[in-house]
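Letters A, B, ... mirror the listed sequences (proteins, then strands); counts begin at 1. Any value given below was found using the heavy atoms of this structure, including those in side chains, with hydrogens, waters and symmetry copies removed. In this text the structure is predicted, and so the values were computed from the model without any measurement.
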2 protein chains.
Amino acid sequence: MHSKENRYSTFNNLAVQKQTLILQAAIAEFSAHGYARASCNRIVQAASISKGSLFQYFGSKEGLYSFICGRFIRKVKDAVKDTASADLSFFALIRGVLLAGTTFIDRYPEYFQIYLKIMFEQDVPGRAEFLTQVRLFSADYFGKVCETAIADGLLRSDISVEMILFSLDGALDKFFLSYAGEGMGGLNLAGLDEKELTQKINELVRVLESGLKH
Amino acid sequence: MHSKENRYSTFNNLAVQKQTLILQAAIAEFSAHGYARASCNRIVQAASISKGSLFQYFGSKEGLYSFICGRFIRKVKDAVKDTASADLSFFALIRGVLLAGTTFIDRYPEYFQIYLKIMFEQDVPGRAEFLTQVRLFSADYFGKVCETAIADGLLRSDISVEMILFSLDGALDKFFLSYAGEGMGGLNLAGLDEKELTQKINELVRVLESGLKH
DNA sequence: GCATATTGTGACCAAGTGGTCATAGTATAA
DNA sequence: TTATACTATGACCACTTGGTCACAATATGC
């Protein structure tokens, strides 16, 4: 085996210290500027490596990006695994997802920024695959949960499953956006302690449960 | 008065035909690429004018953008004026806003794209001013409506006004996004006739009214 | 016709982009 | 020490960006 074993092998054989330095620089750049406007020049400068090295490690800007997205997906899947305890009532599950999302954002704020950027940027390489892997409320996963909840009489049967997913998706998206300080809604979720946060979560879930009408 | 009377005067004195040609080219470019990634070169090419002319008319890329945003704001305000009949019940008003939004998107799809792009792009010149002028559910306008609706016993009093606005905002945003074909939710609102559309609107408002719980 | 404003033009500029490659440096092994 | 494999480098490339400006063309007024 004289030549490259596989993609990224050169990078993976680097000292871990150097690896994390480079990844931190790249993640910071992508989280600040998204894919298209991120600059490889700035990355190599921040990481104190030469441009040639970066392209040797990852082949292209796209290669670097997909490497980082891969890391991101792994982190999300781990977080989901930790959260998913199936034996909860429907709205308790929603509360759990809400809380788990906020802790993820606290732990990996740059990754969440990358996620936001990819959500609202077109023509990002691998966008579709990435989103289907990362989004929680995909029809195939949460759709089943909704169906059983309807069958169990926990959810209204006069609303279509798609509309239920639609409503949940919208509420959760906006909640996380606001928690990350990106929303322009009046709700200021950015600097709340745990108690206030769970209060807000409960209030939102109450709205989802029983609506706004008196 | 020998020199320039004021900003954009040269452009405004152009033949209307030429004006619309240039504006169409610029709007198409900004709606496709947002602000930062839009290319003045492509605009002048599409409009069949020289680069010098474009910068003579608008001074800079930013000037052109703010000119277009001004047009957009006027169109939105006109549309709002046409819609705002105050003597409606609260949720009928919501239904009206939903419907008015979809007709606006039908009439000015490129402008709506520009709106979306500016929503999710940072560092766009004049972003904050633009959004406060265009967003319907600003706390100062719709907040009052909510407060009176609470006072009239139409809305729950155990949910804060901010949370009500938050929920409405999230639902409407997602609805319009999906209608414009940008959402990745299961709801496919893109190619619906009027009957189906009002059905979806009613379903969504029912959820907002009474929630998801059985 | 002539002089004077105004409008139109495109070569040109500095700066930045992703990407390449010949070369130099540094390990490891014989 | 010497040969071999891998890694690091930065000048360089073609290309795009927003923006400028000396000059050409065209209206306008007399």
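Note on A:Ser39: a side-chain N or O is less than 4.0 Å away from OP1 or OP2 of C:dT17. A sub-4.0 Å separation between OP1 or OP2 of D:dT7 and a side-chain N or O of A:Ser53 is absent. OP1 or OP2 of C:dT17 has at least one side-chain nitrogen or oxygen of A:Asn41 nearer than 4.0 Å. One finds no side-chain N or O of B:Ser50 lying less than 4.0 angstrom from the OP1 or OP2 phosphate oxygen of C:dG10.
Picking from C:dT7, D:dA8, C:dG18 the nucleotide with the shortest atom distance to the side chain of A:Cys40 gives C:dG18. Taking only side-chain atoms of A:Gln56, from C-beta outward, the nucleotide of C:dG18, D:dA8, D:dT17 with the closest atom is D:dA8.
The distance from atom CD1 of B:Ile22 to atom P of C:dT7 is 13 Å, rounded to the nearest whole Å. To the nearest angstrom, P of D:dT7 lies 12 Å from CD of A:Gln19. Note: CD (B:Gln45) to C1' (D:dC15) measures 15 Å, nearest angstrom. We find that CD1 of A:Ile43 is positioned 15 Å from C1' of C:dG16, with the value rounded to whole Å. Following rounding to the nearest Å, A:Leu21 (CG) and D:dA8 (P) show an atom-to-atom distance of 13 Å. Rounded to a whole Å, the CG atom of B:Leu54 is 13 Å from the P atom of D:dT17. Distance CG (B:Leu64) to P (D:dG19): 10 Å, rounded to an integer number of Å. Separating the CZ atom of B:Arg42 from the P atom of D:dC15 is a distance of 16 Å, rounded to the nearest angstrom.
For the pair A:Lys61 and A:Phe30, the cation-pi criterion (under 6.0 Å, within 45° of the ring axis) is not fulfilled. Relative to the ring axis of B:Phe120, A:Lys117 does not place its NZ or CZ within 45° and under 6.0 Å from the centre.
Using modelled atom types, one side-chain atom of A:Thr148 and one backbone atom of A:Val145 make a donor-acceptor pair closer than 3.5 Å. Between the side chain of B:Glu29 and the backbone N or O of B:Cys40 there is no donor-acceptor pair closer than 3.5 Å.
Counting any heavy atom pair closer than 4.0 Å across all strands shown, A:Tyr57 reaches sugar-phosphate atoms only and no base atom. A:Arg37 comes within 4.0 angstrom of no nucleic acid atom, judged by non-hydrogen atoms across all strands. Residue-level contact check: A:Lys51 touches the bases, meaning some heavy atom is under 4.0 Å from a base atom. When heavy atoms are screened at a 4.0 angstrom cut-off, B:Ala36 is found touching no nucleic acid atom at all.
Of the residues B:Asp106, B:Asn188, B:Thr102, the one that meets the side-chain hydrogen bond (donor to acceptor under 3.5 Å, both in side chains) test with B:Tyr179 is B:Asp106.
Annotation: of the two residues near DNA chain C, A:Tyr35 and A:Gly52, the 5′-most nearest-nucleotide partner is A:Tyr35. Both B:Leu14 and A:Glu62 lie close to DNA chain C; mapped to their nearest nucleotides by heavy-atom distance, the more 5′-ward contact belongs to B:Leu14.
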